[in-house]
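Reviewing the structure listed below.
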Amino acid sequence: MSATPLSQQARAAAPYMEGLNPEQRAAVEALDGPVLVLAGAGTGKTRVLTTRLAHILATGRARPWEILCVTFTNKAAREMKERVGAIIGAAVEGLPWLGTFHAIAAQILRRHAELAGLKSSFTILDTDDQLRLVRQVIQAEGIDEKRWTPRYLAALIDGWKNRGLTPEKLPEDAKWAFADGRGGKLYALYQQRLADLNACDFGDLLLHNITIFQKDAGVLAEYQRKFRYMLVDEYQDTNVAQYLWLRLLAQGTNNLCCVGDDDQSIYGWRGAEVDNILRFERDFPGAQVIRLERNYRSTGHILGAASGLIAANRERLGKTLWTEAEGGEKVQVRGLWDGEAEARFVAQEIESWVSRGRKYRDVAVLVRAAWQMRAFEDRFLMLGLPYKVIGGPRFFERAEIRDAHAYFRLVLSPDDDLAFERVVNTPKRGVGETTVRKLHEAARAAGASLAETARMLVETDEIRGPARAGLKAFLRDIDHWGSLAGSMRHDELAGLVLDESGYTGMWRADKSPQAEGRLDNLKELVRSMGEFDTLEAYLEHVALVSDLDTASDGDEVSLMTLHAAKGLEFPLVFLPGWEETVFPSQRALDDKGAAALEEERRLAYVGLTRARERAMISFTANRMIYGRWQAVIPSRFIDELPPAHAEAKSETGYFSHGGAAGVGEPAAEPYQASYDSPGWRRFQAARAAGRTGDVIDGRAREVSSVAGSGRWKPGDRVFHDKFGYGRVKSAEGSKLTVAFDKAGEKKVIDSFVRETP
DNA sequence: TGGGGGCACCTTTTT
DNA sequence: GGTGCCCCCA
């Protein structure tokens, strides 16, 4: 027997390599120099990433603390830790530099805070605190905050930070984006306020890192030496600041491996630059590019439909995904009357799926915007169909949780002005706006914190009456809790603070229906604190994590936005609301034009590629948006689906028989339309001619959408989803009176469509 | 100071 | 349609 080649021996010695395809193996073994792994949807990206990490460790190329591994979400970081741990069987605690961009940047910043003008105990502000601070800066400058809103400035500052721009580096023209050229000054003032508070916002974590690295060559060199291998997940979603940060660090060993998919870049509106991934080979000369193109997730038709769709994008590197699971079901496209009909349809399909022995948990409904969820929730609740909303209101962003955190922050540092301001009058202590303004002014004059200032003023006659008593009690409480901090378990202390402050009492006295839920949340909060060693550790955690783990493994349908669905997969996926203005979102198109359209298309691509076995797209003719009826036309993305992989079906007859926006005789029998059916062609023709139906909101003051007021004449024949056929009796202003054939009664209705002759 | 009524607003949201 | 916010009044 001939000797086994060495390479094969090495592979045999590495069981974790078992089952990898050649591309995946190449991505794991390309260890020298920059590497870009273009990993299409469902091609085993996480597997490659974790195996690569294990491989680096197993071959002794680096020790655990010499690897930097960055993800975007805590969930991804956690999953990675678990999977690496499972492969190498070692204590994954030994991977201290595996985490999110922000967590790692915070870790580095705490070590060198003084180089950024902070103390290492700095607090990390959330968006709410950030907004309040921006408002204060605007007010202090005497700028009209109606005309120039804090929200807008906060968004600008965020954008600048995402692009790695400190106030000093801000280009002249950028300053003109706010308050007649005062944008730059306000930005600088905001940064000064942050420094005074020993605080930073999310954007600062990376920005300060970059500043430190650029200012102090010694510190940079330390990290460049330390990180012998660098791995980055979801590279297509990095922003300029993250790119700069990575590039600075990578200049040491140059062993940077980025994994991503340009076709799944969907966070451009948050500052992500697809350009980073498109430019990789130029940014990192000598880079290897490895494509993972074998898809293990979806059927051939689903993959074909998704690939056909994404091919319409110009800005992409290009991949050809393939699968051995050829065939399967074509992607189905359904036209429906309105959102209610769509929800009925989806629910019915789910029930029939389950009646065939499948699970609710195998199903996901993916919407473009959160408001679309309501119609589905209503229907699911009515039917008792089990579902869960993923990524709903965030636990740590709820008012009661943030109030509680403010109390905890005060216990640790009474000089935390933002926390002080937040809860000084919650519950009511008679300390109103006037008193707080007085404190602010005095604090500014004295260069002291609000708490310090309050201590002084309550001893004078500046503050009198209930405000004085309230403040005194508040300060006394803070001191009292602070003195307990050393000697008590922090979760017990937390419960005590919430009780003694009267905060839980406030909610107990509240008779509104939400109050009970808020009390539950507070209880859950105190419970979850027990999982941390100290109050400080807990607060650091919540600052960098957006939500509690709500890992429920119940048998429930998942309802979420397309954004929230990235990284997930389901046997059956519903993609409702594929209508122009909804998806692609008109708002996005208005803001950013062609680039936004490509991003919307990528979002559609992400949606489709979540499906393993079956994908169902639907659209409606009438959509209620913000209480307004709108006539809508099918999304252009539907036209871009290759007919070889998608088919249009209709059982309602709305669009298959439709003249305009699906108005017409309901089909006598379930009607199966294909892509070139007469009904589909009529529908397209009506759409091309702009005849999309006239829609009236019976209660609105004016006729909405394409409907022209006064275009209705007595005798017009109309069709309504609920009431069937009818004739217009009178049309005065926006009020229409219609007699329906079936019911034979006159009635003003919410919406209907005029039949096209 | 605080509550109630009127009114503008309204995408997506990894940290 | 629903909600958060502002203003006005008690």
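Each chain gets a letter, A, B and so on, in the order the sequences are listed, and its residues count up from 1. Everything numeric in this text was worked out from a predicted model, so none of it was measured.
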Are OP1 or OP2 of dT13(B) and a side-chain N or O of Thr127(A) less than 4.0 angstrom apart?
no

Hey, which of these two, Gly430(A) or Glu234(A), hits DNA chain B nearer its 5' end, going by closest nucleotide?
Gly430(A)

Does Thr561(A) make a side-chain N or O approach to OP1 or OP2 of dT11(B) shorter than 4.0 Å?
no

Nearest-neighbour nucleotide for the Leu544(A) side chain, dT13(B), dG2(C), dT15(B) considered
dT15(B)

Taken to the nearest whole Å, CG/Asp237(A) to C1'/dT15(B) is 12 Å

From CD of Gln372(A) across to P of dT11(B) the rounded distance in Å is 12 Å

Starting the side chain at C-beta, find the nucleotide from dT12(B), dT15(B), dT11(B) nearest to Arg587(A).
dT11(B)

How many Å lie between CG on Asn425(A) and C1' on dG2(B), as a whole number?
10 Å

Give one of base, sugar-phosphate or nothing for Ala467(A), where a contact means two heavy atoms less than 4.0 Å apart.
nothing

Report yes or no: is the ring centroid of Tyr267(A) under 5.5 Å from the six-membered base ring centroid of dT12(B), with the two planes under 30 degrees?
no

For the aromatic rings, using the six-membered ring if either is Trp, is the centroid distance between Phe376(A) and Phe574(A) under 6.0 Å?
no

Between Met506(A) (CE) and dG2(B) (P), how many Å, whole number?
12 Å

Can you say whether the rings of Phe408(A) and Tyr538(A) are parallel (under 30°), tilted (30 to 60°) or perpendicular (over 60°)?
perpendicular

Applying a 4.0 Å non-hydrogen cut-off, can you work out what Ala369(A) is touching in the nucleic acid: base, sugar-phosphate, or nothing?
sugar-phosphate

Taking the six-membered ring for Trp, is the centroid-to-centroid distance between His112(A) and Tyr223(A) below 6.0 Å?
yes

Keeping the roles fixed (side chain from Gln236(A), backbone from Asp261(A)), state whether a donor-acceptor pair exists under 3.5 Å.
yes

Against the side chain of Arg374(A), the closest entry in dT1(B), dG2(C), dT12(B) is dG2(C)

What nucleic acid atoms does Asn74(A) come within less than 4.0 Å of, heavy atoms only: base, sugar-phosphate, or nothing?
sugar-phosphate

What about the rings of His563(A) and Trp269(A), do their centers lie closer together than 6.0 Å?
yes

Touch class at under 4.0 angstrom, heavy-atom based, for Ser585(A) against every strand present:
base

Partner set under side chain to side chain contact (heavy atoms under 4.5 Å, CB included) for Val240(A), not counting sequence neighbours:
Arg163(A), Leu244(A), Glu273(A)

Between dT11(B) and Arg270(A), counting only base atoms on the nucleotide and side-chain atoms on the residue, is there a donor-acceptor pair under 3.5 Å?
no

Quickly work out the Ile390(A) CD1 to dT12(B) P distance and round it to whole Å.
16 Å

Contact under 4.0 Å: Thr435(A) side-chain N or O vs dT1(B) OP1/OP2:
yes

Once you apply a heavy-atom cut-off of 4.0 Å, does Arg368(A) come out as touching a base, just sugar-phosphate, or nothing?
base

Atom CD of Glu377(A) and atom C1' of dG1(C): how far apart are they, to the nearest Å?
15 Å

Rounded to whole Å, the NE2-P distance (His208(A) to dT15(B)) equals 21 Å

Spacing of Lys161(A) atom NZ relative to dT15(B) atom P, expressed in whole Å
19 Å

Determine the contact category for Lys428(A): base if any of its heavy atoms lies under 4.0 Å from a base atom, sugar-phosphate if only primed atoms, P, OP1 or OP2 are that close, otherwise nothing.
sugar-phosphate

